[in-house]
Amino acid sequence: MKKVILSVAIVLGSLSIYAVDLTITEPVIKVAITQDGYTEVSEDTVPVAVKTALQKAYPDVKLDKVYVNEKKEYKLEISVGDQKATVYSDVNGNWIKI
């Protein structure tokens, strides 16, 4: 009887060795690319020509968010008063129709 109890204890002890909790953490990479290929950038990166064209077209404009794509086309989310809009411009301040 002692051999049976000892054998069961050894078997159960050997099984508990494999019950190890493995926690694998993967690095989180954040990419700010929207579906239409534009990447969000800071307002400071907007060229002067684009800012000038924006002020000329909308005198009381507030620039909310700025996005740029590979072709240096800018997607500008703006608000004028209580109205919000999205306009597109190239690097020279020319408006793009989307």
Side-chain angles (χ1 to χ4, degrees):
M1 184 71 172
K2 289 182 183 180
K3 289 183 180 181
V4 173
I5 294 174
L6 184 60
S7 298
V8 170
I10 291 174
V11 169
L12 291 177
S14 66
L15 291 177
S16 66
I17 292 174
Y18 299 107
V20 177
D21 183 24
L22 294 178
T23 305
I24 299 174
T25 58
E26 296 181 20
V28 177
I29 300 173
K30 292 185 179 181
V31 178
I33 297 179
T34 59
Q35 288 181 341
D36 52 0
Y38 287 88
T39 305
E40 187 172 354
V41 295
S42 69
E43 188 177 332
D44 300 335
T45 61
V46 178
V48 175
V50 175
K51 287 183 179 180
T52 304
L54 190 61
Q55 286 294 326
K56 184 184 275 187
Y58 307 99
D60 298 327
V61 71
K62 179 181 178 260
L63 195 56
D64 297 328
K65 290 187 179 182
V66 180
Y67 302 92
V68 67
N69 66 6
E70 297 163 351
K71 296 187 271 183
K72 298 292 183 189
E73 296 173 337
Y74 289 86
K75 175 182 173 182
L76 308 166
E77 291 183 3
I78 60 171
S79 56
V80 179
D82 60 347
Q83 297 181 358
K84 295 186 181 276
T86 302
V87 293
Y88 297 84
S89 173
D90 65 6
V91 73
N92 299 319
N94 300 317
W95 299 116
I96 300 171
K97 304 266 187 202
I98 300 286

Are the side chains of [Y] and [X] in contact, using a 4.5 Å heavy-atom criterion?
X     : Y     : answer
Glu73 : Val91 : no
Leu76 : Val61 : no
Lys75 : Thr86 : yes

Looking at Asp90 and Lys72, does any basic side-chain N land under 4.0 Å from a carboxylate oxygen?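 No, no charged N to carboxylate O under 4.0 Å.
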Which atom of Gly93 lies closest to which atom of Ala53, heavy atoms considered: O-CB, 3.3 Å
Give me the atom names and distance for the closest heavy-atom approach of Ala49 to Asn92.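 Heavy atoms only, the tightest pair is CB-O, 3.6 Å.
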Hphob cluster co-occupancy, [X] + [Y], side-chain heavy atoms under 4.5 angstrom:
X     : Y     : result
Trp95 : Ile78 : yes
Tyr74 : Tyr58 : yes
Tyr67 : Val41 : no
Leu63 : Tyr88 : no
Val46 : Ile96 : no

Is it the case that the side chain of Thr52 and the backbone of Val48 share a donor-acceptor pair, with hydrogens and angles ignored and the cut-off at 3.5 Å?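 Pair found, side chain donor or acceptor close to backbone of Val48.
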Quick check for you: to the nearest 0.5 Å, what is the distance between Glu40 atom CD and Lys65 atom NZ?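 Separation between the atoms: 5.0 Å.
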So how far is it from Glu70 CD to Tyr38 OH, rounded to the nearest 0.5 Å?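 Output value for this atom pair is 10.5 Å.
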